[in-house]
Amino acid sequence: MTGVNDIRSTFLDYFSKNSHEVVESGPLVPRNDPTLMFANAGMNQFKNVFTGLEKRDYSRATTAQKVVRAGGKHNDLDNVGYTARHHTFFEMLGNFSFGDYFKDRAIELAWNLITKEYGLNKDRLLVTVFSEDQEAFDLWKKIAGLPESKIIKIPTSDNFWSMGDTGPCGPCSEIFYDHGDHIWGGPPGSPEEDGDRFVEIWNLVFMQYEQTGEGRIDLPRPSIDTGMGIERIAAVLQGVHDNYDIDLFRALISASEQATGVEAEGAAKNSHRVIADHLRSTSFLIADGVLPSNEGRGYVLRRIMRRGMRHAHLLGARDPLMYKLVPSLIREMGRSYPELGRAEALITETLKLEETRFRKTLERGLGLLDTATADLTEGGQLDGETAFKLYDTYGFPLDLTQDALRARNISVDTAGFNTAMERQKAEARAAWSGSGEAATETVWFALKEKAGATDFLGYETEIAEGIVTGLVADGAEVDKLTAGQDGVIILNQTPFYGESGGQVGDAGTMTADGIRIEVKDVQKKADGLFIHLVTIVEGAVALNQPLELKVDHARRSAIRSNHSATHLVHEALREVLGTHVAQKGSMVSPERLRFDFSHPKPLSDDELAVVEKYANEIVLQNAPVDTRLMAVDDAIEAGAMALFGEKYGDEVRVVSMGTALHGSKAGKPYSLELCGGTHVKRTGDIGLVTVVSEGAVAAGVRRVEALTGAEARAYLDGQDKRMKELASILKTGMADVPARVAQLVEDRRRLEKELADAKKKLAMGGGAGGDAASTVKTIGEYKLLGRVVEGINAKDLKGMADEAKTQLGSGVVVLISTDDAGKASIVTAVTKDLTEKVSAVDLVRIGSEALGGRGGGGRPDMAQAGGPDGSKADDAIKAIEAHLGA
Ligand code: SER
């Protein structure tokens with residue numbers, strides 16, 4: 001039997017031998033295409049190569065590409081787990097020609113691979129071609145020697161492949177495998193084609209066109225894109241008919257059988273399959289930087305996770321299950337996809353946390369669902385309101401609700417669900433548009449239409465001239481701003497940086513003859529409009545006024561240092577903690593920098609020290625900071641770190657700095673990031689990086705804060721000064737301070753204990769004073785030990801009372817301690833033999849009243865109270881004596 005790992009390497013080796021470059025899978029979150037939610041085909045990473053926008057130094061490539069099809073075009077989520085061949089995640093093997101070979105060679109290469117390398121029986125194979133593609137028909141006949149009956153012409157879009165609404169596309173030809181007549185189904189194009197007998201194993205796309213917003217245009221040169229789902233070919237080669245029976249899935253399913261103790265049979269079989277499939281997509285998505293959230297990619301991930309988690313619950317798993325299966329997945333796939341191993345901790349923590357959270361509402365949601373559908377029979381429909389409530393209140397994604405009702409053949413009123421969702425959104429919008437802020441927002445769009453986007457000059461210069469194109473005061477456009485007024489100025493161009501990418505906006509001045517304006521902040525609005533928040537200090541400014549614009553240089557310099565240092569800290573964190581560290585947010589101000597990143601646990605002091613050390617090593621290199629504009633794909637290919645989910649234009653700024661000193665990157669550029677911010681010229685300009693704090697922001701996300709340059713020095717100066725003060729107080733050298741302080745703490749602890757012991761001894765020893773109240777007296781039938789002491793706490797007082805009782809054998813003890821503030825604590829105790837006659841609780845009440853207090857409490861043998869007036873301690877004892885004697 002040939003395992004999935006062998007099938008993959010056979011494929012890549014074969015194409016490598018045939019002069020194809022073996023290229024790594026692109027990430028699941030495509031970097032070069034904002035139109036795609038997830039990578040949905042092997043050709044995604046080559047999109048711009050097909051269209052001629054981008055050149056590579058090879059014209060043939062082969063890949064095993066990670067693919068997620070859930071959400072967007074090619075959405076397979078509903079069926080996953082219930083059919084033999086649906087997956088949310090799968091691997092697509094492919095070979096690509098970029099204007100190199102075309103149909104004939106593609107067919108020949110494919111045919112040889114499957115019949116010779118994979119050794120499939122020719123008689124089991126048949127193919128489809130697009131009905132207008134006679135050329136492909138003839139080639140299959142000639143090259144493969146297939147009879148015409150096995151070359152089926154298909155006139156539908158099934159044989160015309162496109163990536164999405166736009167992008168490269170073309171007619172395609174699919175290779176089918178006949179599993180044999182013991183399985184129901186007919187060949188493609190026949191009425192029984194939906195049966196499982198004939199299975200598509202490979203799709204050869206003859207890329208000829210590019211679909212643009214306006215229409216279809218020819219690609220510069222005809223190209224080839226093929227895609228073979230590894231799970232399907234593995235099923236064929238392993239002689240099974242169901243993808244979930246291949247070695248890889250068997251291993252995952254057996255892990256989930258073991259973890260749940262439930263065999264994969266009957267309905268449980270579907271659940272195990274759902275879990276195995278969803279484990280793959282969620283783990284790979286997390287490894288590629290997606291975290292569960294309530295929108296976009298993160299929500300698709302959450303939907304998949306929760307669907308899997310409901311099935312874990314169905315299998316009776318009491319505790320979170322999915323995270324326990326991660327090691328099995330890494331065992332099966334980690335060698336080909338090392339990113340899984342690198343992100344293991346992040347994947348595990350994320351799965352565990354999500355499942356723990358979801359379990360809190362899952363039971364109640366399912367209860368509500370049961371009640372709401374109790375009266376429904378097969379073919380019935382759950383109302384949209386309930387489905388929405390499950391979504392909104394219980395965190396049930398719609399498809400989870402649908403999935404839960406599937407076995408009972410009950411559907412969901414999705415139109416009703418959408419109506420409920422819309423209503424909620426409309427309510428939110430109404431609340432929003434009623435606010436003053438919304439009115440201001442519309443102003444920006446109007447201004448942007450009139451004035452156009454602002455040209456930003458601030459990378460090259462901090463001083464420039466600009467013409468006023470718009471003025472806003474109190475949220476409305478105005479013609480003029482006058483002295484004393486606060487408002488917004490918009491210019492045709494500006495050197496002022498508008499807050500973005502975590503970097504705060506610039507401040508500075510705008511001047512002209514008789515005009516002085518203070519710029520306090522700059523923001524970006526309406527996609528490219530820089531709005532300067534200003535105070536007019538002198539004169540008046542009107543539209544079309546030319547102004548001299550000057551950024552506050554010192555402030556901007558500090559910002560530059562902090563921004564460049566952020567990149568160094570980012571890279572140092574990856575070096576120390578691993579490449580799963582992905583930026584989750586940052587804030588760069590003149591005072592400090594803040595960097596949020598994915599990492600499952602706190603950093604140790606040692607780790608932080610190494611991060612700081614590595615960052616400062618690059619500072620000391622005093623390396624030039626290189627900023628280039630690059631095509632997005634070139635930048636990513638050069639290894640630049642991009643922010644997941646961020647939209648980049650065709651050209652991006654790439655900032656690189658330093659030379660790596662450690663590990664496999666040694667000798668290569670240290671930090672390489674896509675970044676629109678402003679940076680220092682050389683790393684030495686940063687001066688110094690000091691990490692000042694580390695903490696948690698959200699589950700799986702940590703935050704470090706650091707200072708640079710003058711702020712860092714001031715901070716360390718302060719530390720140093722305090723240290724010197726300490727050394728001087730302790731009269732020791734600075735190096736000895738920690739040992740001295742430790743010694744002092746230890747001494748103090750010992751002395752405190754000794755003091756407490758001494759006080760007790762002194763108090764009970766009776767030596768001092770000898771006043772009337774401190775001797776043992778006999779009052780009526782009772783022996784009474786009454787004593788006033790100083791500075792003993794209530795707890796010790798009780799201990800002393802216990803000891804005194806033992807000494808007396810039979811009798812009553814009254815102990816009163818006064819403190820520095822003149823207040824008193826009183827403890828009364830009565831030996832067991834006397835508690836029937838006299839209660840410590842009554843006695844303490846009498847004593848406490850004499851001390852100006854009230855109440856107190858305890859048991860008949862021991863009670864305690866306080867009183868504000870310690871000077872009445874003797875009176876208190878006398879009062880108790882009087883009571884006992886009465
Ligand atoms: N792009 C085609 C597919 O996904 C062939 O790789 O099927």
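Start at 1 and go down the list; that is how both ligands and their atoms are numbered. None of the values given here were measured: they were computed from a predicted structure.
A distance limit of 4.0 angstrom between heavy atoms and ligand 1 selects the residues A41, M43, R69, M92, W161, N203, V205, D225, T226, G227.
For NZ of K269, the number of neighbouring non-hydrogen atoms (other residues, nucleotides, ligands) closer than 6.0 Å is 12 at most.
Taking the charged nitrogens against the carboxylate oxygens, R306 and E354 do have a contact shorter than 4.0 Å, which makes a salt bridge.
Checking E332, E91, R342 one by one against Y337, the side-chain hydrogen bond (donor to acceptor under 3.5 Å, both in side chains) holds for a single residue, E91. When F90, F38, F89 are each tested for a ring pair (Phe, Tyr, Trp, His ring centres under 6.0 Å) with F284, only one passes: F89.
In this structure, R406 is positioned above the aromatic face of Y82, its NZ or CZ under 6.0 Å from the six-membered ring centre and within 45° of the axis.
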Can you give the donor-acceptor pairs under 3.5 Å from side chains of residues 196-205 to other protein atoms, not counting sequence neighbours?
from, atom 1, to, atom 2, distance (Å)
D196, OD1, R85, NH2, 2.8
R197, NE, D178, OD1, 2.8
R197, NH2, D178, OD2, 3.0
W202, NE1, T226, OG1, 3.0

